[in-house]
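Below is one structure, written out as structure tokens; the observations come after it.
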Amino acid sequence: MYHDLQVTRLRTLVAVVECGGFRRAAATLHITQSAVSQQIRQLESFIRGPVFTSTGHNLQLSVRGEELLGYARRVVALNDEAVDRLMPRTGRTRISIGVVDQLAEALPEFLRLLSASLPGAQVSVRTGPSQSLSSQVTTGQLDLALLFRWPTPETVAGEEELGRIRMAWFGRPVHGTEGGLPLALFTEPCILRGRLVDALDASGISWRTSYEGAEFVGLRAAVKAGLGLACLVANGDDLWGLPRAAKLGLPSPPGPIPVMMALPAGATTSGVHAIVKKAFRRALDGYPFAEIGSAPITEPLELVAR
């Protein structure tokens, strides 16, 4: 049989101890002193003994009361954390955002701009491959995401192209190209992988997979270690110190690849979405865009009414 301690009773116990008495706890909790006493008696019924050995000037907890207080503080803190996370205070903006990992270096500037326009907003960010982030947008785990994706007839109506970014080849394989051009590839599903393979096959270039992984940090490490070549955003040398590929008869990299801001299907755009879009556009200013979806953002980001 399970017993429910009730967070209200535990909060009262914590308040009595921290305030140093029943009267001050009642004032802090905005309840009567008799209500405080009743809740402490209910806790005593639960532990089958006194919570306090003295409730006078020198408040003293019993041994069981001391043990209960430890649990009370943890339960109350966890309760408040969950409420704050899942039920933001009135007027407080909460937004979850995904960013494709090749654009993650723009996050510090993006978050700075977002914080300036949405002070006090509760923001969570996830990075990863476009396919994973897209699925999280679809299922509602993310409010929006910045993705690499070529538009298709199935493209969600709420998606908006922010521009097209140039790609380039990086890497200098330490073991040469005998046995085929060594490639460092993301595991499937990957928006770029199929197009890379098609381009190489169309050029008649023999290739082999020298590294394969789902994590971007691992792929970068493979390229730096000389395991193989990778096709990444064209400023990969500036962003991550990757060596540009020597001329090995490589085909032109696919792209420029569209950068999309994706929203869940049926989502209603708001002032917050407009601010996020402008912050993305500004933060991506240093990336090698070949085409821009609209004129550069020059006006200040709008402040949302608090």
Side-chain angles (χ1 to χ4, degrees), residues 1-98 111-126 136 139-144 264 266-276 279 301-306:
M1 179 178 179
Y2 292 97
H3 297 279
D4 190 350
L5 279 169
Q6 295 191 18
V7 176
T8 301
R9 297 173 185 171
L10 298 178
R11 191 184 301 279
T12 297
L13 171 59
V14 173
V16 169
V17 173
E18 294 183 350
C19 295
F22 284 41
R23 180 177 59 81
R24 291 177 182 173
T28 299
L29 297 171
H30 304 290
I31 59 177
T32 64
Q33 188 170 337
S34 61
V36 171
S37 299
Q38 181 182 15
Q39 290 177 23
I40 296 300
R41 285 196 297 272
Q42 289 168 340
L43 289 175
E44 289 177 333
S45 175
F46 172 76
I47 66 173
R48 297 182 181 180
V51 171
F52 295 97
T53 57
S54 171
T55 56
H57 182 68
N58 295 317
L59 199 66
Q60 294 291 328
L61 284 161
S62 67
V63 174
R64 295 295 299 276
E66 189 74 45
E67 185 177 7
L68 179 62
L69 176 64
Y71 285 109
R73 283 177 167 152
R74 288 156 56 190
V75 170
V76 169
L78 186 59
N79 173 85
D80 293 349
E81 178 185 334
V83 169
D84 190 55
R85 174 67 180 87
L86 301 174
M87 297 179 62
R89 293 185 294 274
T90 302
R92 181 177 179 182
T93 301
R94 187 184 75 186
I95 186 167
S96 55
I97 297 168
L111 292 173
R112 185 189 70 79
L113 292 167
L114 199 62
S115 176
S117 294
L118 298 173
Q122 180 179 321
V123 182
S124 62
V125 175
R126 298 179 189 176
Q136 293 177 62
T139 58
Q141 295 172 270
L142 291 173
D143 294 314
L144 54 87
T268 302
T269 56
S270 65
V272 172
H273 293 134
I275 287 174
V276 171
L301 298 178
E302 299 172 1
L303 289 175
V304 171
R306 303 302 301 150

Do you know which two heavy atoms are closest between [X] and [Y], and how far apart they sit?
X     : Y      : value
Asp4  : Arg9   : O-NH1, 4.3 Å
Ala15 : Leu29  : CB-CD1, 3.8 Å
Ile47 : Gly65  : CD1-N, 4.4 Å
Ser62 : Pro50  : OG-O, 2.6 Å
Ser96 : Leu142 : OG-CA, 3.4 Å
Val17 : Leu59  : CA-CD2, 4.2 Å

Nearest 0.5 Å, what's the [atom1]-[atom2] distance between [X] and [Y]?
X     : Y      : atom1 : atom2 : value
Gln39 : Leu10  : CD    : CG    : 9.5 Å
Arg74 : Asn79  : CZ    : CG    : 14.5 Å
Phe52 : Leu13  : CZ    : CG    : 5.5 Å
Arg24 : Cys19  : CZ    : SG    : 8.0 Å
Ile95 : Leu144 : CD1   : CG    : 4.5 Å

Inset, instruction - Indicate yes or no: at least one non-hydrogen side-chain atom of Leu114 is less than 4.5 angstrom from one of Ile97. - result: yes
Legend entry - Within-4.5 Å side-chain heavy-atom neighbours: Val63 and Thr53: no
Inset, instruction - Go through the steps for Arg11 and Asp80 under the test side chain to side chain contact (heavy atoms under 4.5 Å, CB included), then give the verdict. - result: CA-CA 11 Å; Arg11 191 184 301 279; Asp80 293 349; 2.8 Å; yes
Inset, instruction - For Thr139, enumerate each residue passing the side chain to side chain donor-acceptor pair (under 3.5 Å) test, keeping only those at least two apart in sequence or located in another chain. - result: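 Gln141.
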Legend entry - Flag, side chain of Ser45 to backbone of Arg41, donor-acceptor distance under 3.5 Å: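 Absent.
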Legend entry - Set of salt bridge (charged side-chain N to carboxylate O under 4.0 Å, His left out) partners for Arg64, sequence neighbours left out: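 Counting only residues at least two positions away or on another chain, Arg64 forms no salt bridge (charged side-chain N to carboxylate O under 4.0 Å, His left out).
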Inset, instruction - Could you give me the CA-CA distance, side-chain angles and deciding distance for Val125 and Leu111, then say whether side chain to side chain contact (heavy atoms under 4.5 Å, CB included) is met? - result: CA-CA 10 Å; Val125 175; Leu111 292 173; 4.1 Å; yes
